[in-house]
Amino acid sequence: MKLLKSLILTLIITIAFTTSLIFGQDTVKQDNIKLVPSGEVVGLNLELTYPYVYQILSESAKDLEYGDIILSVKYKLKRTKDIDKINEIMKLKNQDILIELSRQGKNYIKKMTTDELRMYVFKEYVSGIGTITATNEKGEFVGISHSIKIANRALEFNKCDVFETSYVQEIKSYKDKVGSLIANITDKKIGSVDSMGEYGVKGKYDKFKYSKKKALEIAKPKKGKAYIYCKTPITNELKLHEIEIIKVGKESSQINIIDEDLIKYRGGAVVGMSGSPIIQNNKIVGGLRSIVIKNPTKGYIANIHSMLYDNNKKES
């Protein structure tokens, strides 16, 4: 599947679903839940509710910025957010228009002309990669472990398809320079995302074979040894990679990465690993959430209860 330029679905960088009873918003918290840890890197393709500025074609284009979300384009008495209708407006010569946009979480109104509008390319799809954390017996999953935004605005989407990947490589992280996973995404659709929130996404696989033998209980993280369950460099085998949980918080916890392979090949953690399940004492305690830009061997996890019981919404 040909990907659009990825804006999202990446590990947060830190400077210093139709849902079941497990994943539903009104769930009473339980600790006897059993989930199958995943660690699979997947491709996601989102059809957005609003288009965004994908490309700027001229140095003289000053009104809009890359990543701006276009809430509406008004020409005369007609207002639209439909990208096909916006492209029709672009065909008009030097007509006055009004653009309502969202930038850095704030809304603005811009007076422009159609000639100026043609200096920009708009897209309504966003693609990227992320990691699935865990799945229940109905094939419902949680993953990514953090919010997904464009221009500091929570994504609003019509649908989000999940695709299989065949091989994962990486660009290594260094101090002050965070690397990323590079995944070969296939055309095979394997599921969909239903909702997104502060602690990741929730969705469902089209087909999922649940294994009681692989299922683990969930638990709150504790200080001490734990493991990231993710694809190991080179072979892409799902393996446990040692970390240490050094500080436990109510919603997230702080970690150090110890595993030699992750440090050697990835410099610690990289963009795209977000959602990788965290295993401690043979229980799922969270998903990898963020890394410290000054030291990519340090980072944070989202505690599993935050991921399961976050009031995720399709539109925020």
Side-chain angles (χ1 to χ4, degrees), residues 11-16 22 29-41 130-136 141-146 170 172-173 175 178-179 181 198-200 211-233 237-310:
L11 198 63
I12 299 172
I13 299 170
T14 309
I15 296 180
I22 293 177
K29 294 186 179 182
Q30 305 174 56
D31 288 318
N32 59 348
I33 293 169
K34 284 193 173 184
L35 305 175
V36 176
S38 173
E40 289 291 345
V41 178
T131 301
I132 302 300
T133 306
T135 310
N136 70 7
F141 61 76
V142 291
I144 309 298
S145 301
H146 59 70
E170 59 273 305
K172 188 175 180 178
S173 290
K175 181 182 177 181
V178 178
L181 294 183
E198 184 63 28
Y199 294 97
S211 172
K212 289 185 177 180
K213 292 182 179 180
K214 294 181 179 179
L216 302 178
E217 292 181 0
I218 66 169
K220 296 178 181 179
K222 300 177 181 179
K223 289 176 67 173
K225 182 187 292 188
Y227 300 89
I228 298 175
Y229 186 58
C230 66
K231 292 199 169 184
T232 191
E237 296 174 273
L238 283 167
K239 290 185 176 181
L240 296 172
H241 299 79
E242 186 178 348
I243 63 171
E244 181 184 11
I245 299 175
I246 59 174
K247 185 177 181 180
V248 176
K250 182 178 179 181
E251 297 173 336
S252 63
S253 301
Q254 190 172 354
I255 66 167
N256 286 337
I257 295 174
I258 296 172
D259 182 83
E260 292 182 359
D261 280 346
L262 289 186
I263 293 174
K264 178 180 178 180
Y265 292 102
R266 295 180 182 170
V270 297
V271 165
M273 288 176 63
S274 52
S276 299
I278 306 301
I279 311 296
Q280 187 179 46
N281 298 325
N282 206 36
K283 295 181 179 181
I284 302 172
V285 299
L288 186 63
R289 177 174 169 86
S290 63
I291 53 176
V292 177
I293 191 171
K294 293 185 180 297
N295 186 350
T297 64
K298 298 181 179 295
Y300 295 84
I301 66 172
N303 299 346
I304 189 63
H305 289 81
S306 299
M307 299 179 67
L308 293 177
Y309 303 112
D310 177 35

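Both backbone and side-chain heavy atoms feed into the values below; hydrogens, waters and symmetry mates do not. Keep in mind that this is a model prediction, so the values were computed, not measured.
- Considering only heavy atoms from C-beta on, I228 comes within 4.5 Å of I278 through its side chain.
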Between V178 and I291, does a side chain to side chain contact (heavy atoms under 4.5 Å, CB included) hold up when you go through it step by step? CA-CA 9 Å; V178 178; I291 53 176; 3.3 Å; yes
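- Among K223, K247, E244, the one residue that satisfies the side-chain contact (heavy atoms from CB on, under 4.5 Å) test with Q254 is K247.
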Go through the steps for I243 and I258 under the test side chain to side chain contact (heavy atoms under 4.5 Å, CB included), then give the verdict. CA-CA 5 Å; I243 63 171; I258 296 172; 5.7 Å; no
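- Residues A219 and K283 share a closest heavy-atom pair of CB-CD, 3.6 Å.
- Under the 3.5 Å distance criterion, the side-chain polar atoms of K172 are matched with a main-chain donor or acceptor of K264.
- In summary, the side chains of E170 and Y265 do not present any donor paired with an acceptor at a separation below 3.5 Å, with no hydrogens or angles considered.
- The line from CD of E260 to NE2 of H241 is 11.5 Å long, rounded to the nearest 0.5 Å.
- Between L308 and Y199 there is no side-chain heavy-atom pair separated by less than 4.5 Å.
- Minimum heavy-atom separation, L216 to I279: CD1-CD1, 4.0 Å.
- Atoms NZ and OG, on K231 and S276 in that order, are 11.0 Å from each other to the nearest 0.5 Å.
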Walk me through it: do L262 and E242 pass the test side chain to side chain contact (heavy atoms under 4.5 Å, CB included)? CA-CA 9 Å; L262 289 186; E242 186 178 348; over 6 Å; no
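- Contact annotation: the side chain of L181 approaches that of R266 to within less than 4.5 Å [non-hydrogen atoms, C-beta and beyond].
- In terms of heavy atoms, I132 sits closest to P277 at O-CD, 4.0 Å.
- In terms of heavy-atom proximity, I218 sits nearest to L35 at CG2-CD1, 3.9 Å.
- Interatomic distance, CD1 of I301 versus CG of L288, reported as 8.5 Å (0.5 Å rounding).
- Judged by distance alone, with hydrogens and angles left aside, the side-chain atoms of N303 form no donor-acceptor pair with the main-chain N or O of H305 at under 3.5 Å.
- In this structure, CZ in F141 is found 10.5 Å from CG in N136, a value given to the nearest 0.5 Å.
- Note: S306 OG to K220 NZ = 10.0 Å, rounded to the nearest 0.5 Å.
- Minimum interatomic distance between M273 and C230 (heavy atoms only, all atoms of both residues): CE-SG, 4.1 Å.
- Although no hydrogens or angles enter the test, the distance criterion places a donor-acceptor pair under 3.5 Å between the side chain of T133 and the main chain of G275.
- Taking CD from E198 and OG from S252, the interatomic distance works out to 9.5 Å, rounded to the nearest 0.5 Å.
- Put simply, the residue from D259, L240, D261, L238 that forms a side-chain contact (heavy atoms from CB on, under 4.5 Å) with T232 is D261.
- Counting only distance, with no hydrogens or angles, the side chain of R289 and the backbone of S145 share a donor-acceptor pair below 3.5 Å.
- Nearest heavy atom pair, residue K214 against residue P37, reads O-CD, 3.4 Å.
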Please determine whether side chain to side chain contact (heavy atoms under 4.5 Å, CB included) holds for the pair K239 and Y227, giving the CA-CA distance in whole Å, both sets of side-chain angles, and the decisive distance to 0.1 Å. CA-CA 9 Å; K239 290 185 176 181; Y227 300 89; over 6 Å; no
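- One N or O on the side chain of T131 and one on the backbone of G272 form a donor-acceptor pair closer than 3.5 Å.
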